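For reference, the structure is listed below as structure tokens.
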Amino acid sequence: MRILLLSMPDSFEHMPTIAIRMPNGALASLAGNLDAHHQVAVADLILVQSSVKRTVEALMERVRPDLVGLSVMTFQRPTARRVISLIRALHPAVRIVVGGYDPSLAPEAWIHPGLGVDVIVRGEGDLTFRELVRAIEEGGSLSRVAGIWYRDGGTVRCNPARAIAHLSRDEIRPPNRAARALGGYTMLGREVDVVETSRGCTFDCSFCSIIEMRGRNFHRFPISRVIEDIADAHQRGARAIFFVDDNITLDVPRFKEICQAIINAKLNAIDYFVQGMTAPIATHGDELAGLMRRAGFRYVFLGIENVLDDDLVFLKARAKNSRFRSGARSNTALETINILHRHGMFVVGGLIVGNPDDTRESIAANLEFARRYVDWPYIQHPTPYPGTPMTREFEERGLIANRRIEEYDGTTAVTRSAQLDVDEIEFMRWKAERWMKVRHMPAVLGHHPQFVLANAHRMLAHTFRGSTWRSAVGLESEKAAFDRYCAIRRTERTYLDWPDPLHTSPANAPVESMTA
Ligand code: B12
Ligand code: SF4
């Protein structure tokens with residue numbers, strides 16, 4: 001069969017596509033796990049944000065797919081509906097499969113007959129997709145394929161879930177990067193790729209989708225497979241690698257082994273990016289950080305979440321951000337930042353502000369922490385993604401102020417606190433964050449001089465969009481610049497000039513389903 005796999009073009013504030021365009025790890029993994037005789041093309045539409053329609057049309061012409069698969073996060077749902085509608089218009093008989101976090105956790109949002117989705121793959125997709133394609137090819141029934149919902153005439157059939165993969169040798173085959181049909185991946189001018197070393201997490205942070213997606217578990221790929229995968233990415237041109245594990249820091253001894261294996265394989269000239277919890281890094285201190293640096297780690301995305309204890313309790317993120325010492329539990333964020341800085345690494349500070357009981361003061365305390373200690377702010381607002389415990393709590397307390405799903409990108413405040421409105425929450429973050437980003441630019445200049453010299457003006461224009469010389473010199477309020485920024489952001493969200501099939505008539509008004 002001819003298969004086209006697409007990821008959506010929608011990006012969010014902290015990942016401006018001028019500087020960061022990463023491949024979607026799921027698609028290459030799906031391609032790598034299909035039977036070898038299929039022709040597969042993978043296209044990450046983030047690479048062609050300004051020409052999505054033209055690119056989809058060209059891909060449909062070139063690949064002539066029998067089946068198109070789309071990977072979708074919740075905030076990308078409306079874009080995905082438009083892409084599907086365009087594909088159906090170009091090729092009415094093509095089979096459409098959706099997968100990823102949104103179809104997995106809000107499948108009922110994908111069953112409207114006007115949408116044209118044939119199959120919803122829920123949860124891990126590698127083996128499910130392979131079996132699905134086999135069943136379609138053989139012309140048999142789809143009723144035996146675990147992990148899917150599918151359209152059968154006028155009915156939607158819901159098959160049982162598939163068990164989680166254990167990632168032992170060969171169970172999940174390596175990604176097929178050769179299937180990528182578009183180029184232009186970048187991390188500040190260096191070609192970037194993604195690699196997985198493990199899947200899953202045993203924590204249960206209230207804002208995270210992972211538990212509803214796959215339960216609380218942690219499975220590891222063999223380290224030899226990880227090194228082969230890095231080598232494959234490197235050989236294809238990657239000079240920066242983002243580890244897309246859910247939580248690599250759950251098993252620190254193994255993380256150290258990976259660092260050592262990278263050094264032994266002489267793959268440590270690559271820049272590595274990783275996400276992690278603060279507590280294990282604080283506990284393993286200089287030994288772990290020193291090894292990470294020698295292996296090439298450069299940026300660590302820390303899930304600090306919040307620096308105030310009450311907020312950490314709400315987010316259920318206290319255990320991963322604190323440890324017991326001298327009979328007391330203390331927050332490990334600052335200690336971890338200091339360790340990473342001591343070893344020459346940069347900290348991307350993940351914080352969540354605008355929680356239900358947040359006040360102006362509590363948000364200001366977190367913003368001040370970010371201003372003083374983190375290198376690149378990754379500050380978000382609590383976002384009610386489908387099926388998370390946080391979503392249930394916000395619903396119960398009546399705090400969800402915005403149901404426009406395309407704005408669920410993490411930096412648009414869509415929930416209010418008991419005391420503050422969405423606008424005020426988002427304005428506080430926006431106002432503080434822009435200057436933190438500017439402050440990091442000299443450090444980026446040192447490592448990526450050519451890229452920064454060529455693109456600094458565009459990066460600054462992106463960071464300060466909405467501002468004018470009048471707002472810069474104080475002749476206009478910052479709120480006016482913020483309002484302009486929000487208006488620009490709204491127009492940016494229309495990635496292709498094609499109607500949303502669920503918005504074409506009032507009777508088709510979208511049913512934005514938020515339950516799993
Ligand atoms: C790594 C990561 C990132 C990296 C992305 C790097 C990259 N290019 O891929 C960074 C840090 C940049 C990032 C950014 C964001 N992320 Co993120 N990210 C993750 C993380 C940790 C792992 C995702 C991953 O790649 N896993 C490995 C792959 C192989 O697994 P997978 O994606 O699940 O795919 C499998 C299945 O889902 C399925 N599948 C997926 N697509 C398809 C398609 C088809 C056709 C089929 C059949 C199957 C299928 O099969 C795959 C293989 O088994 C997850 C989960 C977590 N623990 O936090 C969040 C997560 C996916 N991110 C999320 C979000 C929301 C974002 C942001 C909007 C920021 C934010 N608000 O948190 C941005 C948006 C990015 C953008 N486009 O601009 C949410 C999505 C929630 C939702 N309901 O949509 C998650 C779940 C975190 C959370 N908040 O719970 N993210
Ligand atoms: S530690 Fe990370 S991956 Fe695990 S539940 Fe919390 S946010 Fe999700």
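Both counts, for ligands and for their atoms, begin at 1 and track the order of listing. Keep in mind it's a predicted model, so treat the numbers as computed, not measured.
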Worksheet item: Heavy atoms only: which of Phe203, Phe243, Tyr378 is nearest to atom 11 (C) of ligand 1?
Response: Tyr378
Discussion item. For the aromatic rings, using the six-membered ring if either is Trp, is the centroid distance between Phe243 and Tyr272 under 6.0 Å?
Written reply: yes
Worksheet item: What distance separates Arg214 CZ from Cys201 SG, expressed to the nearest 0.5 Å?
Response: 10.0 Å
Worksheet entry | Modelled atom types, side-chain donor and acceptor of Thr463 and Arg434, under 3.5 Å | no
Worksheet item: Within Cys205, is some N, O or S atom less than 2.8 Å away from atom 6 (Fe) of ligand 2?
Response: yes
Worksheet item: With backbone taken as N, CA, C and O and side chain as the heavy atoms from C-beta onward, which portion of His14 lies under 4.0 Å from ligand 1: side chain, backbone, both, or neither?
Response: neither
Discussion item. Is atom 87 (C) of ligand 1 near the protein, in the sense that some protein heavy atom lies at less than 4.0 Å from it?
Written reply: no
Worksheet item: Is the closest heavy-atom distance from Asp102 to ligand 1 below 4.0 Å?
Response: no
Worksheet item: Would you say ligand 1 has an N or O under 3.5 Å from any N or O of Glu124?
Response: no
Discussion item. For Glu407, is there an ion pair with Arg489 - N to carboxylate O distance below 4.0 angstrom?
Written reply: no
Fill in: Atom indices of ligand 2, in the order listed, that fall short of 4.0 Å to a heavy atom of Phe207
7 (S)
Discussion item. Quick check: Phe314 with Phe207 (ring centres under 6.0 Å apart)?
Written reply: no
Item to complete: Look at atom 42 (C) of ligand 1 and say whether a protein heavy atom is found at less than 4.0 angstrom from it.
Response: yes
Worksheet item: Is any heavy atom of the protein nearer than 4.0 Å to atom 25 (O) of ligand 1?
Response: yes
Discussion item. Looking at ligand 1, is there an atom of it that comes within less than 4.0 Å of some heavy atom belonging to Cys201?
Written reply: no
Worksheet item: Judged by modelled atom types alone, do Glu212 and Thr388 share a side-chain donor-acceptor pair under 3.5 Å?
Response: no
Worksheet entry | Heavy atom of the protein closest to atom 23 (C) of ligand 1 (residue, atom name, distance) | Val244 O, 4.2 Å
Worksheet item: Side chains of Thr332 and Asn321: is there a donor and an acceptor less than 3.5 Å apart?
Response: no
Item to complete: Check whether the side chains of His38 and Arg2 place a donor and an acceptor atom closer than 3.5 Å, and report yes or no.
Response: no
Item to complete: Please check atom 53 (O) of ligand 1 for a protein heavy-atom neighbour under 4.0 Å.
Response: yes
Worksheet entry | Residue selection (non-hydrogen contact nearest atom 37 (O) of ligand 1) among Met213, Met390, Arg130, Glu13 | Met213
Worksheet item: Considering only heavy atoms, does Asp409 approach ligand 1 within less than 4.0 Å through its side chain, its backbone, both, or neither?
Response: backbone
Worksheet item: So which protein heavy atom does atom 2 (Fe) of ligand 2 come closest to, and at what separation?
Response: Lys320 NZ, 4.0 Å
Discussion item. Could you check whether any heavy atom of Gln275 sits closer than 4.0 Å to an atom of ligand 1, since that is the contact criterion I want to use?
Written reply: yes
Item to complete: State plainly whether the residues Arg220 and Asp251 are in salt-bridge range, i.e. N to O under 4.0 Å.
Response: yes
Worksheet item: Are there more than 12 heavy atoms of other residues, nucleotides or ligands under 6.0 Å from atom CG of Asp310?
Response: no
Discussion item. I'd like to check atom 8 (N) of ligand 1 in this structure: does the protein have a heavy atom lying under 4.0 Å from it?
Written reply: yes
Worksheet item: Where does Phe12 meet ligand 1, judged by heavy-atom distances below 4.0 Å: at the side chain, the backbone, both, or neither?
Response: both
Practice prompt. Going by heavy-atom distance to atom 49 (C) of ligand 1, choose the closest among Pro16, Gly125, Gly100, Ser29.
Written response: Gly100
Worksheet entry | Phe427 ring center near Tyr485 ring center (under 6.0 Å) | no
Discussion item. Once you restrict to heavy atoms under 4.0 Å, what part of Met8 touches ligand 1? Side chain, backbone, both or neither.
Written reply: neither
Discussion item. Could you check whether atom 60 (C) of ligand 1 has a protein contact, counting only heavy atoms that fall below 4.0 angstrom?
Written reply: no
Worksheet item: Taking non-hydrogen atoms only, is Tyr185 closer than 4.0 angstrom to ligand 1 via side chain, backbone, both or neither?
Response: neither
Worksheet item: Taking NZ, NE, NH1 and NH2 as the nitrogens, is one of them in Asp10 or Arg77 under 4.0 Å from a carboxylate oxygen of the other?
Response: no
Worksheet entry | Shortest protein heavy-atom distance from atom 70 (C) of ligand 1, along with the residue and atom involved | Gln380 OE1, 3.0 Å
Worksheet item: Heavy-atom contacts under 4.0 Å between Leu105 and ligand 1: side chain, backbone, both, or neither?
Response: neither
Worksheet item: Is it the side chain (CB and beyond), the backbone, both or neither of Asp10 that lies under 4.0 Å from ligand 1, heavy atoms counted?
Response: backbone
Response to the item:
Among non-hydrogen protein atoms, atom 44 (C) of ligand 1 lies closest to Leu30 CD1, 3.5 Å
Worksheet entry | Salt-bridge present (Arg162, Glu124; N to O < 4.0 Å) | no
Worksheet entry | Proximal candidate to atom 65 (C) of ligand 1 [heavy atom criterion; set Tyr408, Tyr385, Phe75] | Tyr385
Practice prompt. Consider every N or O of Ser71 and every N or O of ligand 1, then say whether any pair is closer than 3.5 Å.
Written response: yes
Fill in: Heavy-atom protein contact below 4.0 Å for atom 81 (C) of ligand 1
yes
Worksheet entry | Arg95 atom CZ: more than 12 heavy-atom contacts under 6.0 Å | no
Worksheet item: Taking the minimum heavy-atom distance to atom 36 (C) of ligand 1, which of Cys205, Gly123, Ser198, Gly99 ranks first?
Response: Gly123
Item to complete: Would you please say whether a donor-acceptor pair under 3.5 Å links the side chains of Asn306 and Asn366?
Response: yes
Practice prompt. List every atom of ligand 2 that sits less than 4.0 Å from any heavy atom of Cys201, numbering the atoms from 1 in the order shown and giving each element.
Written response: 1 (S), 3 (S), 4 (Fe), 5 (S)
Discussion item. Students should be able to answer this: which protein heavy-atom is nearest to atom 8 (Fe) of ligand 2, and at what distance?
Written reply: Cys208 SG, 2.5 Å
Discussion item. Closer than 4.0 angstrom, basic N to acidic O: yes or no for Asp193 and Arg236?
Written reply: no
Worksheet item: Can you find a side-chain donor-acceptor pair between Arg493 and Thr412 that sits under 3.5 Å?
Response: yes
Response to the item:
Note: Ser104, heavy atoms under 4.0 Å from ligand 1, region reported as neither
Discussion item. Heavy-atom pairs closer than 4.0 Å: do any link ligand 1 to the side chain of Met22, the backbone, both, or neither?
Written reply: both
Item to complete: Provide the number and element of each atom of ligand 2 under 4.0 Å from a heavy atom of Ile210.
Response: 5 (S), 8 (Fe)
Worksheet entry | Per-atom contacts of ligand 2 with Asn247, taking only distances under 4.0 Å to non-hydrogen atoms | 1 (S)
Worksheet item: side chain to side chain contact (heavy atoms under 4.5 Å, CB included) with Thr55: which of Leu47, Leu496, Leu6, Val48?
Response: Val48
Worksheet entry | Under-4.0 Å salt bridge between Asp358 and Arg416 | no
Discussion item. Between His440 (side chain only) and Trp376 (backbone N and O only), is there a donor and an acceptor less than 3.5 Å apart?
Written reply: no
Discussion item. Can you check which of Ala26, Ala165, Pro9, Cys208 brings a heavy atom nearest to atom 28 (C) of ligand 1?
Written reply: Ala26
Worksheet entry | ligand 1 versus Thr74: contacting region, heavy-atom distance under 4.0 Å | both
Worksheet item: Identify the closest protein heavy atom to atom 3 (S) of ligand 2: which residue and atom is it, and at what distance?
Response: Asp246 O, 3.5 Å
Practice prompt. Among Val274, Val347, Val348, find the residue that satisfies the side chain to side chain contact (heavy atoms under 4.5 Å, CB included) test when tested with Phe301.
Written response: Val348
Worksheet item: Heavy-atom contacts under 4.0 Å between Gln275 and ligand 2: side chain, backbone, both, or neither?
Response: neither
